[in-house]
There are 2 protein chains.
Amino acid sequence: MATSLAEENYLKIIYRLSENTELGVSTNAVAELAQTKAASVTDMLQKLAEKGWVIYQKYQGVRLTPSGQKIALSIIRKHRLWEVFLVEKLGYNWDEVHEIAEQLEHIESESLIQKLDEFLDFPDRDPHGDPIPTRDGKMADQIYQPLSELKEKMDCVLMGVAKDSAVFLQLLTKLDLNLGAKITILEINSFDRSLQIQVNSASPIFVSHEVAKNILVKA
Amino acid sequence: MATSLAEENYLKIIYRLSENTELGVSTNAVAELAQTKAASVTDMLQKLAEKGWVIYQKYQGVRLTPSGQKIALSIIRKHRLWEVFLVEKLGYNWDEVHEIAEQLEHIESESLIQKLDEFLDFPDRDPHGDPIPTRDGKMADQIYQPLSELKEKMDCVLMGVAKDSAVFLQLLTKLDLNLGAKITILEINSFDRSLQIQVNSASPIFVSHEVAKNILVKA
DNA sequence: ATATTTTTTTAGTCTTACCTAAAAATTTAT
DNA sequence: ATAAATTTTTAGGTAAGACTAAAAAAATAT
Ligand SMILES: [Mn+2]
Ligand SMILES: [Mn+2]
Ligand SMILES: [Mn+2]
Ligand SMILES: [Mn+2]
């Protein structure tokens, strides 16, 4: 069945909110991400349920059916492949690509994504370190851990980010915290959990706990 | 002012129909290309006029204002650049790209088109030989002529097509009539104006007047 | 246990872009 | 010049996807 742009965006949002929980996703949570009102969300959830893409019961929240999940994963696959294209081929920085990919992810053509994937040499991570779902809808687990979970004196490599807002990514770029950066934790301040770290053996810098939580690393 | 997808498509259609004539474009002509009904077109023309993109007077047809023309040209620029990308970078054939470009042309990002243009090395023709409007909205004239206008014994090179329907392009491909093909007119049959031609010095083939009309060549 | 607050749903509108049917204007034919 | 045919516009509706305000349900506090 054909999906409208609005439907695709809702399914993607529900997918994202389902990643961390087993329970149904709340109407308000969807409304916030969709930048719309709860009443509009209720309308749409009823429509998505009729189409068989979500399980929805009044006041019980919503969850994706297998077919809804499949659609969401295909949109995410397209989004991430286009992000790779924008960075690798067109020379964008990682903080500039999300909005454009939000548009490109809705282009409908099986062959286009197939050829794009090939052109990009079948990447398995996007420019933010997020796994790219395979053609048959399997997504690798996020195997990296937040920098905030590491202990003092530990070394690690920056493998991704847990948030792709432009301001956050620009901050990282300014601090030389790019994909692949080598990080050493010098000290963790117990007062505010901020970290003193060394990036690529340069002079030490401070990052807040909030920043460290959103940096994904491999030990 | 922001343009909706529907508005962009209407402006593009009006541009296309204006290319050959000085007069206003008729409601019915627009309706046919938009695959919609005349009543819907009238609605839209009134809206476009309010926005200042067309001059519209009841029963007098419609024509683009300079700002309407500018929008149309920017959509056409995007369409044709994407077609170059699809053929040159992703390996599509020229008969497969139009529908996908119809979607891609509506992606909104100045920088994206700028970078795409650069990535493609600033092409000035698309895979069908059509000129690509410049960033400031100038489009080169179509300087090629239909094969049907040439006389017997003349040599020419295939530089473009006047129609980009998939069936037509597939026929040309089957006959080895690709961009750059060398054509010699052996004979023109006065009965139905069909032509006997030689392509790249291979054995002679026949093409109808209808086909010849839509093949653009340089003598 | 009851009252209050928060969340969610329903009811009623709005805008965009389409539709059909009917009316009006224009064009073509006699 | 009139009549007939065609084109275009108007009038009135529909579906998608949003909104606000009000009602209902659920969660939280007293
Ligand atoms: Mn993104
Ligand atoms: Mn990403
Ligand atoms: Mn095209
Ligand atoms: Mn073209």
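Sequence lines set the chain letters: A, B, ... in the order given, protein chains first and strands last, and positions in each chain run from 1.
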Residue pairs passing the salt bridge (Lys or Arg N to Asp or Glu O under 4.0 Å) test with at least one member in residues 57-76 of chain B, sequence neighbours excluded, are none
Under 3.5 Å, which donor-acceptor pairs do the side chains of residues 115-128 of chain B form with other protein atoms, sequence neighbours left out?
residue	atom	partner	partner atom	Å
B:Asp117	OD2	B:Arg77	NH2	3.2
B:Arg125	NH1	B:Gly129	O	2.9
B:Arg125	NH1	B:Gln142	OE1	3.3
B:Asp126	OD1	B:His128	N	2.6
B:Asp126	OD1	B:Gly129	N	3.1
B:Asp126	OD1	B:Asp130	N	3.1
B:His128	ND1	B:Glu83	OE1	3.1
B:His128	NE2	B:Trp94	O	2.8

Run A:Leu150 and A:Gln145 through side-chain contact (heavy atoms from CB on, under 4.5 Å) and show every step you take.
CA-CA 8 Å; A:Leu150 271 70; A:Gln145 52 185 326; 3.8 Å; yes
Atom-to-atom span, CD of A:Glu8 to C1' of D:dA16 - whole angstrom
15 Å
Between atom NZ in A:Lys37 and atom P in D:dA21, what is the gap in whole Å?
10 Å
Take B:Lys213 and B:His209, measure what side-chain contact (heavy atoms from CB on, under 4.5 Å) needs, and give me the verdict at the end.
CA-CA 6 Å; B:Lys213 253 184 10 192; B:His209 177 69; 3.7 Å; yes
Test B:Glu105 against B:Glu102 for side-chain contact (heavy atoms from CB on, under 4.5 Å), laying out the working first.
CA-CA 6 Å; B:Glu105 71 189 7; B:Glu102 285 291 306; 3.6 Å; yes
Can you tell me if A:Asn28 touches the phosphate of C:dT6, counting only side-chain N or O atoms and a distance under 4.0 Å to OP1 or OP2?
no
Nearest whole angstrom, please: distance from the P of C:dT16 to the CE of B:Met44.
10 Å
Any B:Val54 side-chain heavy atom under 4.5 Å of B:Tyr10 side chain:
no
Does D:dC19 have its OP1 or OP2 closer than 4.0 Å to a side-chain nitrogen or oxygen of A:Ser40?
yes
Above 12 or not: heavy atoms from other molecules or residues under 6.0 Å from CD of B:Glu152?
yes
Show which side-chain atoms of residues 25-48 of chain A pair as donor or acceptor with protein atoms under 3.5 Å away, not counting sequence neighbours.
residue	atom	partner	partner atom	Å
A:Ser26	OG	A:Ala29	N	3.1
A:Thr42	OG1	A:Ala38	O	3.2

Give each protein N/O atom lying under 3.5 Å from an N/O atom of nucleotides 21-27 of chain C, with the pair distance.
residue	atom	partner	partner atom	Å
C:dA25	O4'	B:Tyr59	OH	3.3

Taking CG from B:Leu5 and C1' from C:dT16, how many angstroms apart are they, rounded to a whole number?
12 Å
Proximal nucleotide (of C:dT9, C:dA17, D:dT8) relative to the B:Thr42 side chain
D:dT8
Under 4.0 angstrom between A:Ser4 side-chain N/O and D:dG17 OP1 or OP2
yes
Rounding to an integer number of Å, can you tell me how far B:Tyr10 OH sits from C:dA17 P?
9 Å
Can you list, in residue-number order, the parts of residues 45-57 of chain B that come under 4.0 Å of DNA chain D, counting heavy atoms only?
B:Gln46, B:Tyr56
What does A:Ala38 touch in the nucleic acid at a heavy-atom separation under 4.0 angstrom: a base, only the sugar-phosphate, or nothing?
base
Can you see if the side chain of B:Thr36 gets near the phosphate of C:dA17 - specifically, an N or O under 4.0 Å from OP1 or OP2?
no
Not counting sequence neighbours, list each pair that qualifies as a ring pair (Phe, Tyr, Trp, His ring centres under 6.0 Å) and has a residue in residues 43-79 of chain B.
B:His79-B:His98
Assign A:Thr27 to base, sugar-phosphate, or nothing according to its heavy-atom contacts below 4.0 angstrom with the strands shown.
sugar-phosphate
Between C:dT16 atom P and B:Met1 atom CE, what is the distance in whole Å?
12 Å
